[in-house]
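First up is the structure itself, then whatever we jot down about it.
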Protein chains: 2
Amino acid sequence: MAKQQQEEGPAPKLTINDIARMAGVSKKTVSRVINRSPLLNRQTRAKVEAIIRETGYVPNPQARALALGRNFLIGLVYDNPNLQTILSMQRGVLEALHGTEFELVIRPVDRGSPMVMDDIRRFVTRQRLFGVVIVPPLSENDALARMLDEEGCRYVRIGSATWDDADHMVASNDRDAVADATRYLIAQGHRRIGLIAGPHGFRSAQERRDGFELALADAGIALPRSLVADRHYTFESGLAECESLLDLSPRPTAIFAANDEMAAGVLYAARLRGIAVPEQLSIVGFDDTPITTRVWPPLTTVRWPTVAMRRAAGLKLIGAATGEDAEVGAPSMFSSMLIRRGSVAPPAAG
Amino acid sequence: MAKQQQEEGPAPKLTINDIARMAGVSKKTVSRVINRSPLLNRQTRAKVEAIIRETGYVPNPQARALALGRNFLIGLVYDNPNLQTILSMQRGVLEALHGTEFELVIRPVDRGSPMVMDDIRRFVTRQRLFGVVIVPPLSENDALARMLDEEGCRYVRIGSATWDDADHMVASNDRDAVADATRYLIAQGHRRIGLIAGPHGFRSAQERRDGFELALADAGIALPRSLVADRHYTFESGLAECESLLDLSPRPTAIFAANDEMAAGVLYAARLRGIAVPEQLSIVGFDDTPITTRVWPPLTTVRWPTVAMRRAAGLKLIGAATGEDAEVGAPSMFSSMLIRRGSVAPPAAG
DNA sequence: TTGTAAGCGTTATCAT
DNA sequence: ATGATAACGCTTACAA
């Protein structure tokens with residue numbers, strides 16, 4: 001039994017033929033073992049598996065990719081205005097892929113470009129990707145989903161609400177979460193609450209805005225148009241927009257920003273004007289990114305379970321491949337929850 | 001001339017055979033064109049190239065990978081305590097790869113695990129990676145570099161100083177940059193300056209610490225041992241360590257933190273104690289990550305040209321492949337520079 | 001249940 | 001300078 005292949009050296013690459021010879025079977029039989037073919041004699045399988053284990057043989061992914069017409073790569077396609085969330089997306093998907101034969105290929109794209117669609121198409125077809133995870137705002141593009149279907153590329157979309165079937169979608173309930181957060185503000189006694197919404201055309205922005213308006217309506221609070229501003233999910237835009245909100249008279253006593261970056265901008269704007277937070281202005285953000293605990297005061301925010309969502313997306317994608325039934329049922333809906341920190345207080349009297 | 005292949009549809013995949021037939025040459029000749037073989041008749045090449053352009057033919061990467069024994073994938077291996085910098089690393093490498101046939105595969109690892117080395121070995125050999133970019137602190141591991149060499153995997157290391165030859169290394173001059181920053185603090189009048197250094201065993205931490213001590217020595221300022229603390233490059237550790245520095249009597253009038261996360265922790269600690277920044281305490285960080293402009297006051301810091309360094313690393317890696325001589329000479333040394341913002345002022349009188 | 005032969009799309013060898 | 005033919009390592013018919 002040749003077995004110098006244990007644990008070291010430049011590895012004189014074993015092939016399926018070597019294993020077949022050692023096991024005294026045909027390469028096809030080895031192939032069947034690798035691919036978990038059901039029609040195989042128990043003993044034969046056991047014998048081959050033993051050899052594989054002893055030798056540490058690993059099938060060549062390139063050869064499999066060529067023969068199968070598909071690679072063992074998962075693509076992560078994104079064009080996210082909020083750099084902070086990119087990391088947690090990656091973390092989640094990587095967690096799902098950990099220990100499998102899949103690797104993660106990342107691909108930032110420019111959704112503004114007229115070529116996005118072709119870019120992504122080339123990406124998936126050229127690399128013959130096993131599947132892709134698509135995150136907001138790109139995940140809101142139905143044409144993209146259709147295109148991936150046409151190309152025979154599996155996909156899972158991440159979103160702030162559900163707009164595709166369970167096999168293709170992992171979502172959070174942003175609307176409810178924001179409604180809760182807004183009710184919390186109202187319960188603290190706030191009545192003039194400003195909203196710095198996300199970019200027009202973003203589903204997440206719309207969901208969060210809807211939740212906000214819903215809670216206000218429920219409480220019978222009218223929302224003057226001047227108290228709402230559409231921005232770009234960036235620190236700078238939060239800062240800029242907060243300026244105009246603070247110019248209003250009477251001034252809002254609280255501001256809900258549709259993400260933490262903008263909330264940090266609001267806090268900064270308040271500081272620039274010498275407005276004390278939370279005494280004179282309460283702030284609530286969304287995402288629970290690290291920045292919330294690095295600024296002063298730490299920001300009350302809505303925790304968005306990004307990592308868990310991405311992991312679910314990854315599992316959903318490869319679930320079919322691994323055949324592990326346990327993983328096929330990766331959950332499709334996740335709940336965000338309010339995290340109370342230091343940026344909210346009852347409004348100043350008067 | 002068949003040319004329905006222009007711009008749409010599920011793409012009935014062209015192969016090298018199709019191109020060969022259309023051009024009236026053998027597939028080997030087409031292959032030569034693809035691989036820029038020098039021994040080719042100008043006209044033959046032109047003819048084949050024309051067909052390729054017309055049809056939009058793209059060679060199948062999987063087949064090439066199998067035949068060549070190497071993939072067109074670049075790996076990014078990291079185990080970075082500072083999440084913030086991961087993004088800029090990725091951005092830089094992605095920029096270098098943009099428009100090429102290479103894709104980026106990311107691979108976080110746990111350098112604490114006894115299996116790291118084998119993990120990475122499996123990663124590069126299984127995927128037959130074209131090459132990998134290794135970032136600190138993993139890039140300081142010489143055994144890792146040796147192993148990659150053995151496996152025939154190209155690599156480029158990123159570091160805070162140069163410790164490998166120019167082909168394998170892209171570095172910054174952290175020591176000089178920190179010395180400059182420290183001199184700036186001294187020029188402002190500070191004499192009791194605390195240092196919150198990076199983790200023991202990190203080359204970047206050592207370089208930055210050396211720069212700090214160098215500047216102090218040059219100015220004839222003795223550095224009490226109590227003014228130096230080793231920490232983990234995290235916000236929490238910066239916060240914790242700052243507490244003990246602020247307990248000293250007399251208190252330091254300035255603190256240099258070896259990265260921005262820790263500097264943010266210092267700022268937070270000061271706020272907790274009601275110590276005004278920069279009036280009563282000056283702070284300087286390192287990296288110039290986004291957080292520096294989101295806290296109040298914005299942090300003076302040393303800009304670390306991460307994106308440019310990573311791009312250079314990527315170019316260096318694929319330079320040999322693209323054959324573009326212009327890119328082979330990607331620079332190997334980058335300078336960090338001081339960015340003055342609001343967290344430094346002369347020490348309070350007395 | 002297992003094996004044989006023929007690909008998958010490219011590159012390398014060795015002629016010519 | 002170009003082409004026929006055999007790899008590359010695996011999978012899918014199709015037999016046996």
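Residue numbering restarts at 1 for every chain, and letters A, B, ... go by the order of the sequence lines.
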Problem set entry | Pairing of A:Arg146 and A:Asp149 as salt bridge, 4.0 angstrom limit | no
Do any side-chain nitrogens or oxygens of [X] fall under 4.0 Å of OP1 or OP2 in [N]?
X       : N      : value
A:Tyr57 : D:dG9  : no
B:Ser26 : D:dG3  : yes
B:Asn35 : C:dT11 : yes
B:Thr44 : D:dT2  : yes

Nearest-Å distance, [atom1] ([X]) to [atom2] ([N])?
X        : N      : atom1 : atom2 : result
A:Asp18  : D:dC10 : CG    : P     : 9 Å
B:Ile34  : C:dA12 : CD1   : C1'   : 14 Å
A:Gln43  : C:dT1  : CD    : C1'   : 12 Å
B:Lys27  : C:dT10 : NZ    : P     : 8 Å
B:Leu14  : C:dC8  : CG    : P     : 14 Å
B:Asn60  : D:dC8  : CG    : P     : 19 Å
B:Arg21  : D:dA4  : CZ    : P     : 14 Å
A:Arg126 : C:dT10 : CZ    : C1'   : 15 Å

Exercise. Start at the 5' end of DNA chain D and walk down; is the nucleotide closest to B:Pro38 or to A:Val58 reached first?
Worked result: B:Pro38
Exercise. If you find the nucleotide of DNA chain D closest to B:Leu40 and the one closest to B:Ala63, which residue's nucleotide is nearer the 5' end?
Worked result: B:Leu40
Problem set entry | Plane angle bin for B:Phe102 and B:Phe72 - parallel if under 30°, tilted between 30 and 60°, otherwise perpendicular | tilted
Which part of the nucleic acid, if any, lies within contact of [X], taking any heavy atom under 4.0 Å across all strands shown: a base, the sugar-phosphate backbone alone, or nothing?
X       : answer
A:Val25 : sugar-phosphate
A:Leu39 : base
B:Leu68 : sugar-phosphate

Problem set entry | 5' priority, DNA chain C, between B:Leu66 and B:Arg32 [closest heavy atom] | B:Leu66
Exercise. Does the ring of A:Phe130 carry A:Arg70 above it, NZ/CZ under 6.0 angstrom from centre and within 45° of its axis?
Worked result: no
Exercise. Looking at A:Leu144, A:Ile120, A:Val135, which hits side chain to side chain contact (heavy atoms under 4.5 Å, CB included) with A:Val77?
Worked result: A:Ile120
Seminar exercise, completed: Among D:dT2, D:dT11, C:dT10, the one nearest any side-chain atom of A:Ser31 is D:dT11
Exercise. Side chain of B:Lys28, base of C:dT11: donor and acceptor closer than 3.5 Å?
Worked result: no
For this session: Please answer whether the main-chain N or O of A:Gly112 pairs with a side-chain N or O of A:Asp110 as donor and acceptor at a distance below 3.5 Å.
Result: yes
